[in-house]
Amino acid sequence: MFSIARYNGDAEEEKDTRTLEKKQERLNKLNAKIANKKRKEDTPNDTPVEKKRKNNEADKEKVEEIKVVEKKPVKTPKKETPAVKVKEAVIEEEAVVVEEEAGDEEEAGVEEEAVVEEEEAMEEDTEEVETKEEEEKEEEVEEEAMEVVQEEVPTLEAFPDMLGPKKKQSKEDAKLLKSMGIPEWMLQPTVVSPRESCDLDGVGLSDHIIQRCKDLGLSSLFAVQKAVIPVFLRRQALYDTRRVPGDICISAPTGSGKTMAYVLPIVDILSKRVVTRLRAVVVLPTRDLVTQVKETFDAFVKGTNLVVAAASGQQSFSHEQNALVGNDQSCPGGKSKVDILITTPGRLMDHLTSTPNFTLQHLRFLVIDEADRLLNQSYNDWLNQILLATRPEINTSAPLLDFKYDQYGVTEADAIAPSFLKSNYQLPTTDLDLPKAPSIQKLLFSATLTKNPAKIAGLHLNEPEYISVQNEDGSEIKQEYTTPEGLKEFMTICPTDKKPLMVIYLLHQLGIKSGLCFTKSVESTQRLQMLIEAYEQTQPEDKRIRVKEYSSDLGPIQRKKMLKQFKDGQIDLLICSDLIGRGIDLDSVQFVISYDVPYYMDKYIHRVGRTARAGREGEAYTLVEMQEARHFKEILRHAGHLNQVKQLKIEKESLKKLVPDYEKAMSSLTE
Ligand SMILES: Nc1ncnc2c1ncn2[C@@H]1O[C@H](COP(=O)(O)OP(=O)(O)OP(=O)(O)O)[C@@H](O)[C@H]1O
């Protein structure tokens, strides 16, 4: 059903690397010169702001010097030309306090950085507008600014590359990492190539599940599924109080099929259960993902008597309570109407604290999907609270064993998980008694799994195993992340004011459709959507791109509707914040634009991973403002990913052609 297409750009990459190396050499010399000069200028009493200003000047100077070496000097428009207006609009747009999605802690640092950068950009603008002489050269300058977009802006190296591209891990490195607290099992993953695959019957799944896979159009299993499913199926018992099942951490590229890697074995193992208990909980960071994963479970439990529920606040709390436990009286073993629960950490905590009979004592599987993102979220100490609820406490003041019988003559104790019996009753013990351990297995999934020792320690993993689906390309440079094979990545460095125009260029000149465009905030999303929509109004009806904004401002029903319209091809471009930057699986996404640069590599990986999923092809474009170029390249280089992201060459003439309609659109918005 799916064809795996490979991008064979080795020769091109080699050429690019050579060019980059030469440039790098030239730039290193310049950097040394600038660093010397800067040292002389620096005074010990400089405030951080002053130092930052000087740094900026040095960077600016460096850009200028580089341009002298490579091309003629580039100036930016000074007067309030339409281009300047756009720039101001964009700056205004970005200066607004960034309202990121709730819980996205990473963003805090980024917001601060962005605000500082915008302030500096504004300062520069004011100075420029005041220069009368240059006002006269308006047209010429405008043309030159266009050229900046077209030119290849070289890598800016302000500091010696201390981190440098990551080299393959040597024994000494491993020792160092170990001494930093990274556990040994994490340093020695079972590495699986993303190209591996196997037949549906190659991993030990039961006939029923294999048939279900076929009914749903699957013909083989992807690498992550081939590697992970047998590890799940090794231990099929629901309660094995003697041997705890080992925990598993799985890292595999975006779109590589991680969801089915846990859905298939969980459904297979649980479908043999007799009584309904809550035995699997899947925790996800957003409601949209809860809905998506619930749909996958629903598809595979068909034909079994397993019950799947979602609790993410899309329905009222009492509705959820009723669906999870009903209205029965309190019972020591808890009650459950569902076998599998898909939820967000917040909602899970709410049910743990406020829903009588809701218990995790029977939990066999705890899946933490998008694990790095969730582990960064400390909402009410959710992880600790959940883990506590799965661990029995010995209660010395518990009453003596005295089972009550229910209406069917079944003892109440049958409802209590074996490991929790001692929490509820005092049991007669003998010398032969061994402690009964809970049978919970923790499973962590992500395309960018954390290696933060503190976060890992917080999970209290049992005999963990680490499976990593990654390229082993034999090169010297270690790639931190593996991206899908069918993904082509591009970046273009352009002035802030040209970014909306660049999006229009990508849509109209390259004719790309069915895409996601990520911005850094809800406000930014709204403004860009308005601007593009205004531009589309200037176009003939049959050439208009249908663009919509997808943000947390929309209710769950609207969001669902919008995603369906996008899947059905009724929307060409969804402009969104990082709300759907992770995990969301829309098979129709052909391209991704990062309108605002992601400040962290993992965010970049998840964004670009919305395309080229399940062996398909896709393209990702990142618009990089000139002042961000150094930082962005640095994070790419540090992750060993710089060579994979090509500079996009843009034809000046094609871009220019769009300007008149763009100006019309701008003035229609300001009217
Ligand atoms: N064996 C398979 N054969 C065909 N398609 C598959 C198979 N396994 C998964 N898929 C499809 O691949 C797509 C991506 O899967 P999934 O959403 O699980 O990726 P993921 O690894 O979780 O990505 P992300 O890290 O972005 O969340 C889905 O549309 C899914 O239906």
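One-based numbering, in listed order, for ligands and for the atoms of each. Nothing here was measured: the structure is a model prediction, and the numbers come from that model. Residue numbers start at 1 and run along the sequence shown.
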Checklist entry - Does one side chain, of Ser220 or Asp199, offer a donor that lies under 3.5 Å from an acceptor on the other? => result no
Item to check | Proximity of Thr259 to ligand 1 by residue part, where a heavy atom lies under 4.0 Å | outcome: both
Next on the checklist: Checking the N or O distance criterion of under 3.5 Å, is ligand 1 in contact with Thr254?
Outcome noted: no
Checklist entry - Judged by modelled atom types alone, do Ser594 and Arg607 share a side-chain donor-acceptor pair under 3.5 Å? => result yes
Checklist entry - Distance only, no hydrogens: is a donor on one side chain within 3.5 Å (strictly under) of an acceptor on the other, for Asp288 and Gln292? => result no
Checklist entry - Under a heavy-atom criterion of less than 4.0 Å, does Gly615 contact ligand 1? => result no
Checklist entry - Taking the six-membered ring of Phe566 as reference, does the NZ or CZ atom of Lys548 fall below 6.0 Å from its centre and within a 45° cone about the axis? => result no
Checklist entry - Any side-chain heavy-atom pair from Tyr466 and Pro183 closer than 4.5 angstrom? => result no
Checklist entry - Is the gap between the ring centers of Tyr481 and Tyr604 under 6.0 Å? => result no
Item to check | Part of Ser219 within contact of ligand 1 (heavy atoms, under 4.0 Å) | outcome: neither
Checklist entry - Just which atoms of ligand 1 are under 4.0 Å from any heavy atom in Ala614? => result 11 (C), 12 (O), 13 (C)
Item to check | Close aromatic pair by centroid cut-off 6.0 Å: Phe445 and Tyr262 | outcome: yes
Checklist entry - Is Arg234 salt-bridged to Glu465, going by a charged N under 4.0 Å from an acidic O? => result yes
Checklist entry - Looking only at heavy atoms, is any part of Ser220 under 4.0 Å from ligand 1, and if so is it the side chain, the backbone, or both, or is it neither? => result backbone
Next on the checklist: Any nitrogen or oxygen of His606, side chain or backbone, less than 3.5 Å from one on ligand 1?
Outcome noted: no
Checklist entry - In terms of atom number and element, which parts of ligand 1 are under 4.0 angstrom from non-hydrogen atoms of Leu218? => result 2 (C), 3 (N), 4 (C), 5 (N)
Next on the checklist: I want to confirm something. Looking only at heavy atoms, which of Ala252, Gly255, Gly581, Ser446 is nearest to atom 23 (O) of ligand 1?
Outcome noted: Gly255
Checklist entry - For Arg613, is at least one N or O under 3.5 Å away from an N or O on ligand 1? => result yes
Checklist entry - If you count the atoms of ligand 1 from 1 in the order shown, which ones are under 4.0 Å from a heavy atom of Pro253? => result 21 (O)
Item to check | Under 4.0 Å to a heavy atom of Glu370 - the qualifying atoms of ligand 1, by number | outcome: 27 (O)
Next on the checklist: Tell me whether ligand 1 is touched by Arg582 - counting only heavy atoms on the residue side and a distance under 4.0 Å.
Outcome noted: no
Next on the checklist: Below the 3.5 angstrom mark, is there an N/O of Gly257, backbone or side chain, next to an N/O of ligand 1?
Outcome noted: yes
Item to check | Residue list, salt bridge (charged side-chain N to carboxylate O under 4.0 Å, His left out) with Lys560, at least two apart or on another chain | outcome: none
